[in-house]
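Here is the structure we will look at.
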2 protein chains.
Amino acid sequence: MKKETRKEQIIQISAKLFKDKGYAAVSMRDIAKELDIKAASLYNHIESKQDILKIIIISLAEEFTKRMTVIYSSNENNISKLHQIVALHVDIAYRNQYEMASLNNNWMHLENGITYYLELRNSYEDNFRAIINNGVQSGELINSNPEVTLFSMLSTLRHLYLWIPKMEEINPKELSDNLSKVLINGILNK
Amino acid sequence: MKKETRKEQIIQISAKLFKDKGYAAVSMRDIAKELDIKAASLYNHIESKQDILKIIIISLAEEFTKRMTVIYSSNENNISKLHQIVALHVDIAYRNQYEMASLNNNWMHLENGITYYLELRNSYEDNFRAIINNGVQSGELINSNPEVTLFSMLSTLRHLYLWIPKMEEINPKELSDNLSKVLINGILNK
DNA sequence: AAAGTAGACTAACGATCGTTAGTTTACTTG
DNA sequence: CAAGTAAACTAACGATCGTTAGTCTACTTT
């Protein structure tokens, strides 16, 4: 029952095309052409174009939310939790460069799974926000607007997939360490 | 000869729709419906759908590039230049929330202006990178990977338009100050 | 009042879209 | 070897796409 290779190929090729042109601008014929088959043949493996998008986005969103819950619930201090969040994003971004683009830019085209997706995203963001607020309360973090801190970190982490291909000389561990320093300690030499 | 109001309306409504659904998913009939006219009537004011996208993106990219050149060429120190870059992005993001989305997510759909757009973007990024590198060399900035610093700041600044509507209680000056602190000084309480 | 014009309209074009139905091919299983 | 099946194919559907051509209306300018 491990015959899902063709379906997985379709998902992967679709994610790549969605990254380059966006969901709406990619046709079933585009996807089929990449696999050297006709568009109608895709339907032997997937239910619809929507089906493809849903699989890409929901599986990734679930991984983010699950792993964020683990970090949030751990006994570490809040600074350490922020380091783990950075490492989480670097890990996922390295392994899912194309899928990340759909998560960021194509979720609004979800027709059936959009409510569930937004629940996952809200859960993720709420945990992130709580860690920052706890860090401020405990005195670990400076008392600046927590929403700005959240926004700044999230914007950087969510778009890692755009820069990883440009930074070929750096490995995931190095990137994670560098990013933690820049995001948390700042860039000032003092 | 100031009769461009209708054209400007079309551009503005289009930018708004492009932000919500992306260029490819917005039809000329969608744009027309927002203005309570028929799609064919749009062509009394604009040349094509491409024309709309080009106007939105190129005018914004030119403003970024021009103002970045001014900052780069000034006599201030590099930290001060970074503060000015933050203020530049906050200023533009507040006044062009919809257009920023096209700049970030729809530039790949430009058919005629894409080379020019990429030149503008590269010029902008090169100046930004040079300021960071100069700051490292002069000892103003920590000697971490400059590409990571650039990426982190740019990711945050480019997606301000997504968060500004969510932070209604903050004004541009406050946002700019907060963001400068977070991006440059870090978030650690030490 | 006449002429010109800005800006809307209807109707239609060829292209492309996602998807379905029915068929064929090639391999695997009994 | 026969039967079954996975996965490709051709052909076509109705819908929608960007755009053009030609027309009408209402206002402005002379």
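This is a predicted model, so every value here is computed, not measured. Below, read A as the first sequence line, B as the second, and so on, with proteins coming before strands; counting in each chain starts at 1. Note that these values count all heavy atoms, side chains included, but never hydrogens, waters or copies made by symmetry.
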Has B:H45 got a side-chain N or O lying under 4.0 Å from the OP1 or OP2 atom of C:dA6? no
B/S/- contact track for nucleotides 10-17 of chain C, protein heavy atom under 4.0 Å: BBB----B
Ring pair (Phe, Tyr, Trp, His ring centres under 6.0 Å) against B:Y23, all qualifying residues, sequence neighbours excluded: B:F18, B:H109
Ignoring hydrogens and angles, are the base of C:dA6 and the side chain of B:N44 linked by a donor-acceptor pair under 3.5 Å? no
Test A:S74 against A:E76 for side chain to side chain donor-acceptor pair (under 3.5 Å), laying out the working first. CA-CA 6 Å; A:S74 77; A:E76 317 249 2; 5.0 Å; no
Check step by step if side chain to side chain contact (heavy atoms under 4.5 Å, CB included) holds for B:L141 and B:L82. CA-CA 11 Å; B:L141 300 180; B:L82 291 183; 4.1 Å; yes
Ring pair (Phe, Tyr, Trp, His ring centres under 6.0 Å) pairs, two or more places apart, involving residues 50-73 of chain B: B:F64-B:H89, B:F64-B:Y124
If every non-hydrogen atom of A:S144 is compared with every non-hydrogen atom of B:N178, which pair is closest and at what distance? CB-OD1, 3.4 Å
If I take atom NZ in residue A:K7 and atom P in nucleotide D:dA7, what distance separates them, rounded to the nearest angstrom? 12 Å
Do B:L150 and A:L188 share a hydrophobic cluster (ILVMFWY, side-chain heavy atoms under 4.5 Å, transitive)? yes
Check the distance between D:dA7's P and A:I10's CD1 and give it to me in whole angstrom. 10 Å
Under 3.5 Å side-chain donor-acceptor pair for B:T156 and A:T156: yes
Specify the separation, in whole Å, of atom CG of B:L53 and atom P of D:dG18. 13 Å
Between A:S138 and A:G135, the two heavy atoms sitting closest are OG-O, 3.2 Å
Could you work out, with salt bridge (Lys or Arg N to Asp or Glu O under 4.0 Å) as the rule, every residue matching A:K166, not counting sequence neighbours? none
Positions of residues 12-22 of chain A (non-hydrogen atom under 4.0 Å from DNA chain C), listed by number: none
Check the distance between D:dA8's C1' and A:R6's CZ and give it to me in whole angstrom. 9 Å
By a strict heavy-atom criterion of less than 4.0 Å, which residues belonging to residues 104-112 of chain B are in contact with DNA chain C? none
Identify, with sequence neighbours excluded, every residue that meets salt bridge (Lys or Arg N to Asp or Glu O under 4.0 Å) alongside B:D177. B:K173
Take atom CG of B:D36 and atom C1' of C:dA8, then tell me their distance rounded to the nearest Å. 12 Å
Can you list the residues that meet the salt bridge (Lys or Arg N to Asp or Glu O under 4.0 Å) rule with A:R67, with sequence neighbours excluded? A:E63, A:D91
Estimate the overall bend of the helix from C:dA1-D:dT30 to C:dG30-D:dC1 from the end axes over five pairs each, rounded to 10 degrees. 10°
Validation: residues 111-122 of chain B side-chain donor-acceptor distances under 3.5 Å, sequence neighbours left out:
{"from": "B:Y116", "atom 1": "OH", "to": "B:E62", "atom 2": "OE2", "distance (Å)": "2.5"}
{"from": "B:N122", "atom 1": "ND2", "to": "B:L118", "atom 2": "O", "distance (Å)": "3.3"}

Separation of atom CD in B:Q9 from atom C1' in C:dG7, rounded to whole Å: 12 Å
Round to a whole Å and report the spacing from CD1 of B:I31 to P of D:dG18. 8 Å
Using ring pair (Phe, Tyr, Trp, His ring centres under 6.0 Å) as the criterion, list what pairs up with A:Y161, not counting sequence neighbours. none
Show me the donor-acceptor pairs, under 3.5 Å and distance only, between side chains in residues 28-38 of chain B and residues at least two apart or in other chains.
{"from": "B:D30", "atom 1": "OD1", "to": "B:S27", "atom 2": "OG", "distance (Å)": "3.4"}
{"from": "B:D30", "atom 1": "OD2", "to": "B:S27", "atom 2": "N", "distance (Å)": "3.0"}
{"from": "B:D30", "atom 1": "OD2", "to": "B:S27", "atom 2": "OG", "distance (Å)": "3.2"}

Which nucleotide wins on minimum distance to the side chain of B:I37, given the candidates D:dC9, C:dT19, C:dC9? C:dC9
In whole Å, what is the span from the CD atom of A:E34 to the P atom of D:dA8? 15 Å
